[in-house]
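Since the structure comes first, as structure tokens, the remarks are kept for the end.
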Amino acid sequence: MTAQTPIAVDTKKLNAAMARFPRDRAMQIAGRDALGGGETIERRSPAHGVIVTRVPRGRAEDARAVIAAARMGFDEGPWPSETAANRARVLLKVADLIDRDREALALMDTLESGKAIAQARGEIEGAADIWRYAASLARELSGESYANLGRDRLGVVLREPIGVVSIITPWNFPFLIVSQKLPFALAAGCACVVKPSEMTSASTLHLGTLLAEAGLPDGACNIVTGYGPDVGAPMTSDPDVDMISFTGSTAVGRAAMAAGAATLKKVSMELGGKNPQVVFPDADMDAALDAATFGAYFNAGECCNAGSRLLLQADIAEAFLSELAQRSKRVKVGDPLDPDTRVGAIISADHLGKIERHVKAAREAGAVVRTDGTRLESDGLFMAPTIVADVGPSMAIAREEVFGPVVVALTLKTLDEAIALANSTAYGLSASVWSRDLDTALSVGRGVRAGTIWVNTFMDGTPELPFGGYRQSGVGRELGRNAVKDYTEEKTLHVHAGPRTSWWLPRGA
Ligand code: NAD
């Protein structure tokens, strides 16, 4: 328990929020609502403790039904052969509908996940922008032609939709992450099966209704809800699925890849991270401290990109950590429906327990917990921003994803040591470097093996820039100009023109 004031939630605000969207939702199969066998999953707001949504608990037979619907949508439906102009029109309409329903969508994500409402609003706005970007890429998609192969040969490389795509998403950014996948798969002409996390299904199911309203043909997008082993696993092994687009933990991603290997599915994997923020003495300290605070506690640290590993040059380490501790105490942890809240609730009691165990183990291994390190007094699930210092590179907390409002600090002396330390985990999702010296910034930028390196900034993103991880942070990239191409196959048309001039067997022999 800490000296902080107990967290209070505003019941009036909660009731008003819950009135903004239906509590019960259905799965969507070939344009129809489906309830599966009748069992449901109830989701309680981790901040408020009340049931906020109920979705069907899908089973393997429901997964089979959605996959069959998508297969039919792809093999016989109009979407794969729709013109790029019409595909783009649908995607743009979806973006407008997301804008229209922004508040309701933000409330669904906030109540199911515990994230701060101001942040959720930003995520929905960002998601609409991604749908618009995908619409622009839909019209850009093209193949290649080779007219330089000789008079009698023409080469045409077609880009065709890959087929049926299984899209599996986690709970930490429910609407944003499905929007990093689905619009690009649809822009390519694929048919999709989508499975949101069992804890945060509402906004994805709402998206399904927006797709129908925007005119997406039945069968092009089908949504199943339920637990991973029941419905996620069949989506990774079914022979009718051509590609798996997965975001989640490295452990489940590995299992999904293995399941897809039997039928050699293409995979796109966005997995975990243990992202270093490297700070040198010549940095703009105020900016670096602000980014360190944001990077550690944004989305309560439940973020693949969290700047969860501070690598501080030894000369500045103590001053940096003292100031970070002061700032950490100023971070407003509380009711996620309060627009001033920065850190909302932790996703589940199990997960909160896991975060606490990580901190306890670090303390036992000799690390020093500089702030709090415990849950906060409340009926909901809240944890105080926590700094763990004097961490050695071999400690579990320096290598494993904690996925909570916990930042660890390690010190270093030289630039080479900084790069080696940054590369010392199995992950490689992102990193940041803080220095005014161009050589230092570029050396870290080029030396660290991660999919995104931020230089004097943190967690900036835009759909134009690719996102993904090295090593055990993932396979492939999302977003960026190739985002639609990822959901295509290349087909070579090798055309012979004019009379045949070269014969394998002598003619007339
Ligand atoms: P998770 O791996 O537990 O679950 C992700 C999804 O997979 C859920 O929908 C879950 O139901 C499903 N699933 C579970 N078992 C499955 C199985 N056997 N087969 C198929 N699907 C299965 O992850 P989580 O706890 O929901 O999310 C947190 C993790 O996601 C963290 O590790 C985080 O780093 C990662 N993440 C990565 C990114 C990124 O872009 N790199 C973004 C967000 C989250």
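Keep in mind it's a predicted model, so treat the numbers as computed, not measured. Along the sequence shown, residues carry numbers from 1. In each ligand, atom 1 is the first atom listed, and ligand 1 is the first ligand listed.
Between G474 and ligand 1 there is no heavy-atom distance shorter than 4.0 Å. Distances from ligand 1 to the non-hydrogen atoms of F173 include no value under 4.0 Å. Under the 4.0 angstrom criterion for non-hydrogen atoms, G469 is not in contact with ligand 1. Not a single heavy atom of A251 sits less than 4.0 Å from an atom of ligand 1.
In terms of polar-atom proximity, defined here as any N/O pair under 3.5 Å, Y227 makes no such contact with ligand 1.
Within ligand 1, counting atoms from 1 as listed, the ones closer than 4.0 Å to a heavy atom of S197 are 9 (O). Contact atoms of ligand 1 toward I177: 42 (C), 43 (C) (distance under 4.0 Å to a heavy atom of the residue). If you number the atoms of ligand 1 from 1 as listed, the ones under 4.0 Å from a heavy atom of E270 come out as 37 (C), 38 (C), 39 (C), 40 (O), 41 (N). Of all atoms in ligand 1, numbered sequentially from 1 with element shown, those under 4.0 Å from a heavy atom of T247 are 5 (C), 36 (N), 37 (C), 38 (C), 39 (C), 40 (O), 42 (C), 43 (C), 44 (C). Taking every heavy atom of F467 and a limit of under 4.0 angstrom, the matching atoms of ligand 1 come to 40 (O). In the vicinity of L429, heavy-atom distances shorter than 4.0 Å reach the ligand 1 atoms 41 (N).
Classification of E39 and R59 as a salt-bridged pair holds, one side-chain N sitting under 4.0 Å from a carboxylate O. Under a 4.0 Å N-O distance rule, the pair K360/E364 qualifies as a salt bridge. Checked for salt-bridge contact, R57 and D62 miss the test: no charged N lies under 4.0 Å from a carboxylate O. Between E198 and K195, at least one side-chain N (NZ, or NE/NH1/NH2) sits under 4.0 Å from a carboxylate O, which counts as a salt bridge. Ion pairing of D238 with R64 is present here, as a side-chain N (NZ or NE/NH1/NH2) and a carboxylate O approach within less than 4.0 Å. Ionic pairing of R71 and D242 is present here: one or more N-O contacts between side-chain nitrogen and carboxylate oxygen are shorter than 4.0 angstrom.
N299 contributes a side-chain N or O that, together with a main-chain N or O of N172, makes up a donor-acceptor pair within less than 3.5 Å. Using modelled atom types, no side-chain atom of N222 and backbone atom of V193 make a donor-acceptor pair closer than 3.5 Å. Without hydrogens or angle criteria, R357 side chain to L352 main chain gives no donor-acceptor distance under 3.5 Å. Of the possible polar contacts, none joining the K274 side chain to the A398 backbone as a donor-acceptor pair under 3.5 Å is found.
Residue contacts with ligand 1, taken as heavy atom pairs separated by less than 4.0 Å, do not involve A256 at all. With a 4.0 Å cut-off on non-hydrogen atoms, T169 touches ligand 1 through its backbone and not its side chain. Contacts between E401 and ligand 1, counted as non-hydrogen atom pairs separated by less than 4.0 Å, involve the side chain only. Residue-level proximity to ligand 1 for E198 is carried by the side chain, the only part with a heavy atom below 4.0 angstrom.
Less than 4.0 angstrom separates atom 4 (O) of ligand 1 from none of the non-hydrogen atoms of the protein.
Two rings, from W131 and F175, have their centers 6.0 Å or more apart.
Of the protein's non-hydrogen atoms, C304 SG, 3.0 Å is the one closest to atom 42 (C) of ligand 1. Counting protein heavy atoms only, atom 16 (C) of ligand 1 is closest to V252 CG1, 3.4 Å. Looking at atom 28 (C) of ligand 1, its nearest protein heavy atom turns out to be F403 CE2, 3.6 Å. Nearest to atom 2 (O) of ligand 1 among the protein's heavy atoms is S249 OG, 2.6 Å. Atom 13 (N) of ligand 1 has as its closest protein heavy atom G228 CA, 3.4 Å. Of the protein's heavy atoms, N172 ND2, 3.2 Å lies nearest to atom 44 (C) of ligand 1. Considering only non-hydrogen protein atoms, atom 37 (C) of ligand 1 sits nearest to L271 O, 3.0 Å. Here the protein heavy atom with the shortest distance to atom 25 (O) of ligand 1 is W171 NE1, 2.8 Å.
Side-chain atoms of I223 and V66, non-hydrogen and from C-beta on, never get closer than 4.5 Å to each other.
With hydrogens and angles left out, the side-chain atoms of K181 and T247 include a donor and acceptor closer than 3.5 Å.
Note: S201 OG to R25 CZ = 10.5 Å, rounded to the nearest 0.5 Å. Taking OG from S378 and NE2 from H48, the interatomic distance works out to 9.0 Å, rounded to the nearest 0.5 Å.
Taking each of S348, G232, G248, P170 in turn, the one with a heavy atom nearest to atom 35 (C) of ligand 1 proves to be G248.
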